[in-house]
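What's counted below: heavy atoms across the whole structure, side chains too, no hydrogens, waters or symmetry copies. Every chain is numbered from 1 and lettered A, B, ... according to where its sequence line falls, protein lines coming before strand lines.
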Amino acid sequence: MNASLIVLELAVVILGLVVLVLDWFTPAQDRRTLGYGAALGVGIVLLYSFFAFDGRDPLYAFGNAYVLDGLALCAGADHGHLLCAREFPSPSC
Amino acid sequence: MSLLSAIFLLPLLAALVVLCIPRNYKFVIRLVTLGATFASMLLALALFAKYNAAPVENGFKFVERHAWVSVSALKLDIGWHLGVDGINLGLIVMGAIVAFAAACVSREIKRLEKEYYTLLLVMTGGILGAFASLNLFFFYFFHELALVPTFIMIGVWGHGENRNYATFKITIYLSLGALIALAGLVALYLQSGANTFDIVELTQAVKARPLPLAAQSLIFPLLLFGFGILVSLWPFHTWAPLGYGAAPTATAMLHAGVLKKFGLYGLLRVGIPLMPDGAAAWLEILAFLCLGNIVYCGLVAMRQKDLNLLIGNSSVAHMGFIFLGIASLNIVGVTGAVVVMVAHGFLAALTFGLSGALREKTGTLEMEKLGGLLRQIPFLGAAVVMAMLAGCGLPGFANFVGEAMVLFGSWRVFPLVTTLATWGALIIGAIYMLRAVRKILHGPEKPEWAALKDASAWAKVPFVLLLAALLLLGVWPRLLTDKIQPSVAAILTMANTRAADKAPRAGEVKKAAGEAKQRAVQPR
């Protein structure tokens, strides 16, 4: 099994778990900062996805049920962008 | 319809019936709910009475199988497969009893009754269906079917100023946990190559061709943390006290008592037997994490001023014993863990039910405001004392049996953790439980509670039922343990395959040591 292919998913899951644990220690007035931190984390994963995979040759895992190609990377990047946009809305929003 | 199907389909059918009843027929709606949960409870008790521990092929009895979706081109095979063994039998019976008790205490709901009872019945059907399913698809589907009503019920019929925050928090935590567990289950399905969601077939396939270590090392932590969040494993436990504090009584009873055991059941049924090598690397970490549940959450419970928050933290602390029993991976410890799962289900339902009754009568759960209640409400007071003593692990209650077995089982494997857990259980647990009894029930009678009336005969029914179950399994634990042990042994046989594989290596070491000794005594 090529576990390195799902490194992006694992990174987001671990980020989520870290945010849940940090939420435990964070006072209510500082939770927005935690949200910024979470968005920053997703942004870093998003940036990493540009450099880690070029998306030219499709890569497969889990008996070909998991495909990492250009379309998958693009959809993942779009999702990451949406999450960041939720936390950093533009002034026009 | 088989006996097992009827146990969880009856509440689901009743939910459809309730939907068809006009909303002003409140009495009929409540009657249908009570009737369905009562019938489901009787059927579950009949299942328990009929079950015997004699070995059968694959270890499951009352098996029901129907093909549902089978697309060979997509390598997809989803079937309706139900069955019981010693592990889920107790959970199904406990779930059905708690569901009836939860329906009994739901009189506190005074608005949107039709929607409330529909959701309660869906939740009941979902919980019992998840435990009865031997197909990963339905196992997960029924869990989600029970989980969604939980969020809605807390949001709509919940209590307190923090209700909305609690709803969001519990939704985020449990959705994330369920999502991580789903990723693990899908990865398991794909990696096994068996092209089936059937747990029995998957087990046979993995037995014949074990998953590679790399896959196990990746999938097991997904299941551990996914299921762990659902069970409030420390440090992902913060949703539980807050959620239960805000939840309607019946929802807290059903979720803390029954639905929360889904994650533990998933670890026992799927995680450990199918990925023993992946589990081996994580069980020691799990043992130390469970200390966080037992000791840390116990200390947090000591600081609580609200009874529901105290019970919520205590419930999280009790989960630590189950994790410790599972981590011990021996027959005494794991059997004890299953006993605690059942006993804690009854106890959590009892304590949340009693706190709901106290809130209904006094309008508050702040322990400083309560006090001297035992003379005014002797039945409820005595039930609170018994519940708190059961929570301390007093002999005579089922919790004692389970916790003692867990501690005996884990002692050989994790002596330090067991020592600290025992301290947490005996000292910390006793302090917060007995302090709560003193604050709520003892002390001078307060004039504001002078007009309080004890529970009516009908209101006593759920508490008598739950206390009777705790006492019965406490004085006659073999009723449960004799059924659990063969199933646990089968799981441990699979889980300990890894140790068996290592045995030749141990033999080699012994042989090498013998040869070295021989060389040493030979004259040069």
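- Screening B:Leu179, B:Ile180, B:Leu176 for a side chain to side chain contact (heavy atoms under 4.5 Å, CB included) involving A:Val13 leaves a single residue, B:Ile180.
- Closest of all the heavy-atom pairs between A:Val21 and B:Pro235 is CG2-CG, 3.8 Å.
- In terms of heavy-atom proximity, A:Leu17 sits nearest to B:Phe236 at O-CE2, 3.6 Å.
- Every side-chain hydrogen bond (donor to acceptor under 3.5 Å, both in side chains) that B:Gln204 has, sequence neighbours left out, goes to B:Asn58.
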Quiz: residues 285-296 of chain B side-chain donor-acceptor pairs under 3.5 angstrom, not counting sequence neighbours:
{"from": "B:Asn293", "atom 1": "OD1", "to": "B:Trp234", "atom 2": "N", "distance (Å)": "2.7"}
{"from": "B:Asn293", "atom 1": "ND2", "to": "B:Ser232", "atom 2": "O", "distance (Å)": "3.0"}
{"from": "B:Asn293", "atom 1": "ND2", "to": "B:Val316", "atom 2": "O", "distance (Å)": "3.0"}

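- Side-chain contact between A:Leu20 and B:Thr238: absent, with no pair of heavy atoms (C-beta onward) separated by less than 4.5 Å.
- A:Ile14 meets the side chain to side chain contact (heavy atoms under 4.5 Å, CB included) test with A:Val18; sequence neighbours excluded.
- Against chain B, the residues from residues 22-29 of chain A that qualify, each with a non-hydrogen atom under 4.5 angstrom away, are A:Asp23, A:Trp24 in number order.
- Counted within 6.0 Å of CZ on A:Arg31, heavy atoms from surrounding residues, nucleotides or ligands total more than 12; the atom is thus considered enclosed.
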